[in-house]
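Written out below as structure tokens is the structure these notes cover.
Every heavy atom of this structure was used, including side-chain atoms; hydrogens, water molecules and symmetry mates were not. Per chain, numbering begins at 1; letters A, B, ... match sequence-line order.
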Amino acid sequence: MPTITLPDGKTKSFDKPVTGLDIAASIGAGLAKAALAIKVNGETKDLSHTIDHDASVALITAAKPGQPTSPEALTLMRHSAAHVMAEAIQDVAGKDILLAYGPPTETGFFYDMYVPEGKKLSSDLFDKINARMAEIIKEDRKFCRYEQPGSEALARLKAEGNKYKVDNAERAMGLPSSVYKSAKSPAKEAHGFEAVGFDPARADRATLSFYATGEPGKNWEDLCRGPHVPSTSRIGAACVLSLASAYWHGDENSDRLIRVYGTAFPSQAELDNYLKQKEEAAKRDHRVIGKALRLFHIDETVGQGLILWTPNGSIVRRELQTFIAAELKKQGYTEVFTPHIGSLDLYKTSGHFPYYKDAQFPPIIERDTLDQLATCSCSEVMRRVEGVSQRLADGINERTNATTISKDRILPEDQLVQGFMLKPMNCPHHAKIFASSPHSYRDMPVRLAEFGTVYRWEQSGELNGMTRVRGFTQDDAHLFCTEEQVPNEIQGCLSLVKVIFNTLGMKEYRVRVGLRDPDSTKYTGSSESWDKAEAACIAAAQSLGVSFSKEPGEAAFYGPKIDFVVKDVIGREWQLGTVQVDYQMGNRFDLSYIGPDNKPHRPVVIHRAPFGSMERFCGVLIEHFAGAFPAWLSPQQVRVLPISEKSLDYAFQVEAALRAADVRVAVDTSNDRIQAKVKVAADDKVPYMLIVGPRDAENRTVSVRARGTEKDLGAMPLDAFVTALKDEIATKRAELGVRP
RNA sequence: GCCGCUGUAGCUCAGUGGUAGAGCGCACCCUUGGUAAGGGUGAGGUCACGGGUUCAAGUCCCGUCAGCGGCUCCA
């Protein structure tokens, strides 16, 4: 008879098998009421699950009013809400919509479904679907689990004609799918089900579970692993949010499904709060603020994914670049400038071409050469563009000690097509700068920094405001160092990140350390070097003091890396910068320095762009500050608001005094009332408003109103304001601190 | 690239196959004021672009381009 161990270590013995609900009730009526599910030996089960053996059990409960709900409870509610939504959709839009897969997510849930041709599932139906969901929740139907032998259940699902469920069932039982064939990855794990070895006998032994929302055979039901909350009312409040499309199994050659997103919360108030937060977040979107504050512009005629930095945004960017450049100088970096294009041979040497050709703008080829190629077939042109001379191939193969350039890419000189690439990376240019002069170990490390603009052919559907673009400027640098110097240089990169994030008050970022896959042999460089470099990356990440994760298999083939990831206002994660150790580039470009032994040695190269690109970083910053930049970054730092035109003269004097102190300032010369001028300045998120009227003119004072304050802070002498603001700007303070 | 949605004034958006609309912004005029919108007048349109259906298209259909939400991808 089962003895149950509770999380606090206490045990309870029962004289017959017990359900989760029994256990909860044995502890207290309140707990029984609040319980949603149980965890048996760490595995979440329905509350009605029967335990007939000794186990450690924890109860998952709904939160008391005013208390935060546990992530586990939310996940349960949302998974259950996905069922409710699917039922509602089938009620509203028709049973011929085939359900595929509906899991909970971090902030809600979705359900992928196949909508037959000719049928439309559009957001017009959301009101009806939401109403139906509310009804189902109110009906408080029990989630009723029942099991069927695998083969029997499978036959039933096949008869029902939903191949997606058949596929789910087959995969749940460890059978190969009879309906889903993937060209890409046949062994790919099915949605959410554990991958198990193929075992035909398993189908007969296995059972499949179904959940009826109510009575099996009478109410709506779905093949589902569970677990669920006890009944629909325990979901609280749920709603459908948006439509998107998704591929079956994420496979673009497979069926296209409609993905319906929704979310659920324990109460309507919490749901409303979430929706309101979403709305607020949308207002912080850098694309919205960028337009309102005229920070940047994207013009169809210029091209998608190409950012035009308007004057206001350019100020923000310039301030940031100046800041970063000053920090780099402190760290011993030297600045370089390189052009926006480089010859094809450069990228054949580096390996970027043709390996990443799909992610690049096509090559720039001379007009005469194009004329010569006019009669060639497309594939012939590509062959010639991608071809490599014998000399270049021999050099690379020798230096990389492998057949890096295969024989079939080697062409006679007269067949080779010369041309240029818009540069997708800065490293080849920097490597050439390093190689342009001899280096002694005494000069190492050589740190070459450039705000280098690169161009990449991103898929059109991926472009997104400033966060995903086709042309961008990296805060790039390459550190050419000896192997011993690697840990110290990585540490230096991260301390730079720390300084800058701290100054900007950015705490919401995480760090991923990409390590090599222990089972793979694709990596270059000795395993001792790798061990040291990986250890250095981990140690450096640890010293940052933010959350970091080790990601085996995420390293580049040429070395381990550290990535910085931030979230935007709508919860999407963006990779900002990266620090990558590279054991390959030195070989590719035949780089060397003379060591103490008077012999040449290969330098290790560290690529680092801690903020990724100015575009993405500024986009993230706009959202971080919601457009309300600290004074040092603000496009306009002060606006002078004369009470009336009678005070215009003094307003201009104030402006002149501030301008002389290098403050970005403007006078509002409109003939509006002061109330209107205050409103406009507030909308423009100007840090300081200086209201000046006859009183101020007489006393040579300014009445200060800082952004975010409801009222004026009082008057202060003009000179004192200028001094205080200059100091705030010079020290890059995050808060607006100038006070009378 | 794929799926869905969207595209009307500088911005935010109404618009039922029958004369192109509002608010904000902008220009000018009145108002000269002490902290989140004073009043008036006016200018401003290839209804994204190209085809088609129709007596008639901003509206319906097809295509293209772009934006948005996802999917896939991301050195």
Side-chain angles (χ1 to χ4, degrees), chain A residues 110 112 115 120-124 184 241-261 282 285 287-288 291-294 297-305 347 350-353 355-360 423-428 454 456-465 468 474 514 556-559 561 563 570 572 574-575 578 580 582 584-585 607 609 612 641-648 670-684 689-696 703-715:
Chain A
F110 63 79
D112 283 349
V115 178
K120 230 177 176 180
L121 185 59
S122 80
S123 47
D124 300 347
K184 250 166 63 188
L241 291 174
S242 61
L243 295 174
S245 93
Y247 300 109
W248 191 26
H249 287 251
D251 176 354
E252 63 178 319
N253 299 312
S254 182
D255 299 7
R256 279 183 285 272
L257 305 173
I258 302 286
R259 177 167 293 181
V260 190
Y261 282 90
D285 192 313
R287 293 163 299 189
V288 174
K291 197 177 259 183
L293 300 185
R294 301 190 188 286
H297 174 65
I298 298 170
D299 194 282
E300 211 182 300
T301 310
V302 173
Q304 15 166 209
Y347 299 103
S350 70
H352 292 117
F353 190 86
Y355 192 63
Y356 293 116
K357 68 178 176 196
D358 291 343
Q360 297 170 4
K423 67 176 173 188
M425 303 198 106
N426 300 304
C427 39
V454 298
R456 298 180 189 179
W457 185 261
E458 303 288 352
Q459 294 189 72
S460 63
E462 262 312 323
L463 299 172
N464 185 283
R468 190 79 183 258
Q474 296 180 307
F557 72 90
Y558 50 74
K561 64 175 180 177
D563 292 333
I570 49 178
R572 281 184 297 214
W574 296 100
Q575 184 178 319
T578 179
Q580 301 189 357
D582 187 341
Q584 181 68 358
M585 195 161 107
H607 308 250
L641 314 182
I643 292 292
S644 79
E645 282 172 19
K646 288 176 184 163
S647 301
L648 254 183
S670 69
N671 64 358
D672 286 319
R673 298 195 312 161
I674 191 67
Q675 285 85 342
K677 294 178 191 178
V678 167
K679 161 111 173 46
V680 170
D683 284 349
D684 290 346
M689 300 178 211
L690 298 183
I691 288 92
V692 294
R695 284 204 303 265
D696 299 288
S703 298
V704 180
R705 178 164 170 160
R707 184 182 58 211
T709 48
E710 290 289 319
K711 284 172 59 184
D712 64 322
L713 301 162

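Atom name C1', nucleotides B:U12 and B:U54: the rounded distance is 34 Å, in whole Å. Spacing of C1' atoms, B:A48 relative to B:A66, comes out at 8 Å, to the nearest Å. Here, B:U19 and B:G15 have their C1' atoms 14 Å apart, quoted to the whole Å. Atom P of B:A57 sits at a distance of 14 Å from the matching atom of B:G17, rounded to the whole Å. Separating the P atom of B:G21 from that of B:U16 is a span of 14 Å, rounded to the nearest Å. Only the P atoms considered, B:G50 is 23 Å distant from B:C55, to the nearest whole Å. Using atom C1' as the reference point in both B:A14 and B:U59, the two lie 14 Å apart (nearest Å). Comparing B:G34 with B:G38, their C1' atoms sit 15 Å apart, to the nearest whole Å.
Side-chain atoms of A:R705 come within 3.5 Å of backbone atoms of A:E710 as a donor-acceptor pair (strictly under, hydrogens ignored). Here the side chain of A:D696 pairs a donor or acceptor atom with the backbone of A:G693 at under 3.5 angstrom. The closest donor-acceptor contact from the side chain of A:Q360 to the backbone of A:H352 lies under 3.5 Å.
Put simply, the side chain of A:N464 reaches to within 4.5 Å of the side chain of A:R287, judged on heavy atoms. Side-chain atoms of A:L641 and A:V692, non-hydrogen and from C-beta on, never get closer than 4.5 Å to each other. The closest side-chain heavy-atom distance from A:K357 to A:W457 is not below 4.5 Å. A:P428 is not listed as a side-chain neighbour of A:K423, based on a closest heavy-atom distance of 4.5 Å or more.
With both pairing distances under 3.5 Å, B:A57 is matched to nothing as a Watson-Crick or G-U wobble pair. Checking B:A20 for Watson-Crick or G-U wobble geometry (two distances, each under 3.5 Å) identifies no partner in any strand. Pairing partner, B:A14: none, since no Watson-Crick or wobble contact has both distances short of 3.5 Å. Using the Watson-Crick or G-U wobble rule with both distances under 3.5 Å, B:C65 pairs with B:G7. Pairing for B:C73 is absent, judged as Watson-Crick or G-U wobble with the two contacts each under 3.5 Å. With a 3.5 Å ceiling on both atom-pair distances, the Watson-Crick or G-U wobble partner of B:U41 is B:A27.
As judged by a 4.0 angstrom heavy-atom cut-off over every strand, A:S647 is placed among residues making no nucleic acid contact. Contacts of A:F353 with the nucleic acid, taken as non-hydrogen atoms under 4.0 Å apart, are absent.
The distance from atom CG of A:D285 to atom C1' of B:G67 is 12 Å, rounded to the nearest whole Å. Regarding A:K646, its NZ atom lies at a distance of 12 Å from the P atom of B:U31, rounded to whole Å. The NZ-P distance, from A:K561 to B:C74, rounds to 10 Å in whole Å. In this structure, A:L648 atom CG and B:G33 atom P are separated by 14 Å, rounded to whole Å. Summarising the geometry, the separation between CG on A:D299 and C1' on B:C65 is reported as 13 Å, rounded to the nearest angstrom. As rounded to whole Å, 6 Å separates atom P of B:G69 from atom CG of A:N464. The distance between atom CG of A:L463 and atom P of B:A66, rounded to the nearest whole Å, is 9 Å. For the pair A:Q575 CD and B:C73 C1', the computed distance is 14 Å after rounding to whole Å.
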Under 4.0 Å protein heavy-atom contacts per nucleotide of nucleotides 2-12 of chain B, with B for base, S for backbone only and - for none: BB-S-----SS

Annotated protein contacts, base or backbone, on nucleotides 36-43 of chain B with a non-hydrogen cut-off under 4.0 Å, one of B, S, - each: BBS-----

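For A:D712 and B:G34, a side-chain-to-base donor-acceptor distance below 3.5 Å is absent, hydrogens and geometry of angles not being considered. Judged by distance alone, with hydrogens and angles left aside, A:R259 brings no side-chain donor or acceptor close enough to the base of B:C71 to form a pair under 3.5 Å.
The nucleotide whose nearest atom lies closest to any side-chain atom of A:S242 is, among B:G34, B:A75, B:G69, B:G69.
Taking 4.0 angstrom as the limit, A:R468 places none of its side-chain polar atoms (N or O) nearer than this to OP1 or OP2 of B:C68. Between A:Q459 and B:C74 there is no side-chain polar atom (N or O) within less than 4.0 angstrom of OP1 or OP2.
Each of A:I691 and A:Q580 was assigned the nucleotide of RNA chain B with the nearest heavy atom; the assignment lying further toward the 5' end belongs to A:I691. For the pair A:Y261 and A:W457, nearest-nucleotide mapping onto RNA chain B gives the more 5' position to A:Y261.
Taking both residues in full, the closest heavy atoms of A:L293 and A:D683 are given as CD2-O, 3.8 Å, listed atom of the first, atom of the second, then distance. Of all the heavy atoms in A:I643 and A:K677, the pair that sits closest is O-NZ, 4.4 Å.
With sequence neighbours excluded, the residues that form a side-chain hydrogen bond (donor to acceptor under 3.5 Å, both in side chains) with A:D582 are A:H607.
Taking the charged nitrogens against the carboxylate oxygens, A:D112 and A:R259 do have a contact shorter than 4.0 Å, which makes a salt bridge.
The line from CZ of A:F557 to CD of A:Q584 is 5.5 Å long, rounded to the nearest 0.5 Å.
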